[in-house]
Amino acid sequence: MLAAPPPVVIDDTCLSRAWARLLLQVLDGAGTEVAPLILSVSGFAQNGVAVEDPAVRQGLDRLLKRKGRLEVDDVAFTIFPQRLWEMSRGDRTRLFTLYRATFPRWQAMNRKANGRGLYFERMVMYGRGPCDGNQLEWILSQFNSRMGMRRSMLQATTFDPARDHVASAQLGFPCLQQVSFEPTAAGLVTNAFYATQQIFDKAYGNYLGLAQLGAFMAHEMGMPLARLNVMVGIAKLERITKSDADFAPLVAAAQALVNPPAAPAVWPATATAGATF
């Protein structure tokens with residue numbers, strides 16, 4: 001009998017390097033998929049900001065733009081609207097109000113991609129449940145109102161069988177199924193579960209958006225963001241080929257980050273003629 005492949009595990013303190021390691025593993029391998037993938041990121045700043053490498057981030061954004069794909073911030077926005085959170089100045093009620101008011105505009109900007117919804121919309125406007133379907137508000141209100149709550153309460157779902165169990169041959173949304181939050185002694189651990197994930201045009205933005213979501217939840221829970229864990233059933237490289245010449249600058253930046261050149265050896269100074277010892 002054939003054995004199922006073991007999981008690929010990537011653990012890093014830099015979001016850019018974690019994604020770069022995934023990309024290079026696929027590019028150096030025989031196929032175009034990793035199944036399953038467990039990617040874990042830590043090393044967040046005190047305010048929850050993820051560590052990024054400018055060369056990799058800018059190289060990816062340039063390539064995404066060249067290929068007509070959403071840039072990293074736009075993908076991240078589908079999971080957490082960081083711009084609206086900054087506008088809300090730490091007021092989550094205002095954040096939720098702003099998002100509800102502006103969601104129709106975000107959806108209309110790309111009806112083909114967003115017609116079935118966005119991830120943050122599913123988390124705060126699910127359509128049923130307590131707090132008028134705002135799962136994040138329910139989690140936070142319960143966590144902040146009492147001690148000893150059950151851990152299984154701290155989870156939000158984006159997949160909805162009533163809307164998403166359809167027989168379409170391809171369905172671009174939702175690939176992210178669920179997010180859970182685990183308070184620990186070190187801080188908040190955020191866990192995300194994907195059925196599939198696009199390595200090239202979605203994964204980096206997914207990780208950034210999840211980190212921003214985790215930072216928001218950690219802020220509202222009064223603790224730092226300690227770690228982000230992402231579990232993916234199938235991570236796949238699609239919508240670009242390994243041999244695409246446009247890949248070269250990004251691959252070079254990824255390689256430089258993952259395998260930086262060794263520092264030159266420092267040799268003792270050569271003795272000068274006539275020196276005494």
Side-chain angles (χ1 to χ4, degrees), residues 41 44 47-48 50 75-107 114-165 173-195 205-231:
V41 179
F44 298 99
N47 59 358
V75 174
F77 187 90
T78 66
I79 296 175
F80 186 74
Q82 182 67 23
R83 285 166 281 175
L84 297 185
W85 176 231
E86 292 168 0
M87 291 171 56
S88 300
R89 299 182 182 273
D91 183 341
R92 76 169 185 262
T93 299
R94 186 181 181 195
L95 167 66
F96 296 145
T97 300
L98 276 173
Y99 189 82
R100 288 192 187 94
T102 57
F103 171 71
R105 181 173 35 163
W106 308 123
Q107 191 174 43
N114 301 336
R116 298 181 55 79
L118 296 173
Y119 291 117
F120 193 73
E121 176 251 344
R122 288 279 179 104
M123 284 186 266
V124 302
M125 301 164 59
Y126 193 74
R128 58 190 185 277
C131 296
D132 292 326
N134 188 335
Q135 301 176 78
L136 300 185
E137 179 58 34
W138 165 254
I139 291 169
L140 293 171
S141 64
Q142 294 299 304
F143 179 82
N144 292 326
S145 65
R146 56 195 172 107
M147 299 292 292
M149 63 182 300
R150 56 182 170 83
R151 292 178 174 181
S152 61
M153 188 179 292
L154 306 180
Q155 58 180 313
T157 186
T158 58
F159 185 86
D160 182 0
R163 289 177 279 182
D164 302 323
H165 273 164
F173 175 91
C175 295
L176 171 64
Q177 300 174 322
Q178 182 185 25
V179 183
S180 71
F181 307 95
E182 177 61 24
T184 71
L188 185 67
V189 175
T190 300
N191 305 294
F193 305 85
Y194 280 82
N206 291 162
Y207 305 151
L208 181 60
L210 288 166
Q212 292 169 342
L213 173 64
F216 162 73
M217 295 296 284
H219 176 273
E220 295 302 291
M221 290 177 169
M223 64 185 72
L225 176 61
R227 185 173 288 274
L228 167 65
N229 299 312
V230 185
M231 281 66 75

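Just so you know, these numbers come straight off a predicted model, no measurement behind them.
Listed for the Q135 side chain is a donor-acceptor partner under 3.5 Å among the backbone atoms of T157. Judged by distance alone, with hydrogens and angles left aside, the side-chain atoms of Y119 form a donor-acceptor pair with the main-chain N or O of C175 at under 3.5 Å. When atom types are taken as modelled, the side chain of E121 and the backbone of L118 share a donor-acceptor pair closer than 3.5 angstrom.
Between A226 and A186, the shortest heavy-atom contact is CB-O, 3.7 Å. Of all heavy-atom pairs between A101 and P104, the closest is O-CD, 3.8 Å. For the pair S152 and Q155, the tightest heavy-atom approach, listed with the atom from each and the gap, is O-NE2, 2.7 Å. For F80 against G209, the heavy-atom pair with the smallest separation is CB-O, 3.7 Å. Of all heavy-atom pairs spanning L225 and L188, the tightest one is CD1-O, 3.4 Å. Closest approach of G90 and H219 over heavy atoms only: O-CE1, 4.5 Å.
Between the CE atom in M217 and the CE atom in M223 there is a gap of 10.0 Å [rounded to 0.5 Å]. Rounded to the nearest 0.5 Å, atoms CD1 (I79) and CG (L176) are 5.5 Å apart. Rounding to the nearest 0.5 Å gives a distance of 10.0 Å between CZ of F77 and CD of Q82. Note that the CG atom of L95 and the OG1 atom of T97 stand 8.5 Å from one another [nearest 0.5 Å]. Atom CD of Q177 and atom CZ of R122 lie 12.0 Å apart (nearest 0.5 Å). Put simply, CZ on F193 and CG on N229 are 8.5 Å apart, with the number rounded to the nearest 0.5 Å.
When side chains are defined from C-beta on, N191 does not count as touching V179, because their heavy atoms never get closer than 4.5 Å. Side chains of H165 and F159 form a contact here, defined as non-hydrogen atoms less than 4.5 Å apart. Considering only heavy atoms from C-beta on, S88 comes within 4.5 Å of L98 through its side chain. Side-chain atoms of M153 and I139, non-hydrogen and from C-beta on, never get closer than 4.5 Å to each other.
Surrounding CG of N144 are more than 12 heavy atoms belonging to other residues, nucleotides or ligands, all under 6.0 Å away.
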- Quick one: do D160 and Y126 satisfy side chain to side chain contact (heavy atoms under 4.5 Å, CB included)? Show the steps, please. CA-CA 9 Å; D160 182 0; Y126 193 74; 3.2 Å; yes
- May I have the step-by-step check of side chain to side chain contact (heavy atoms under 4.5 Å, CB included) for L213 and F181, ending in yes or no? CA-CA 10 Å; L213 173 64; F181 307 95; 4.2 Å; yes
- Step by step, work out the side chain to side chain contact (heavy atoms under 4.5 Å, CB included) result for L84 and W106. CA-CA 12 Å; L84 297 185; W106 308 123; 4.3 Å; yes
- Item | Step-by-step side chain to side chain contact (heavy atoms under 4.5 Å, CB included) determination, N134 to M125 | CA-CA 5 Å; N134 188 335; M125 301 164 59; over 6 Å; no
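In this structure, F44 has no ring-ring contact (aromatic ring centres under 6.0 Å, His included) partners at least two apart in sequence or on a different chain. For R92, the salt bridge (charged side-chain N to carboxylate O under 4.0 Å, His left out) partners are E137, E220, not counting sequence neighbours.
For R151 and F143, the positive end is not near the middle of the six-membered ring at less than 6.0 Å and at most 45° from its axis.
Under 4.0 Å is where a charged nitrogen must lie from a carboxylate oxygen, and between R94 and D91 no such pair does. No salt bridge links R100 with D132; every basic N to acidic carboxylate O contact stays at or beyond 4.0 Å.
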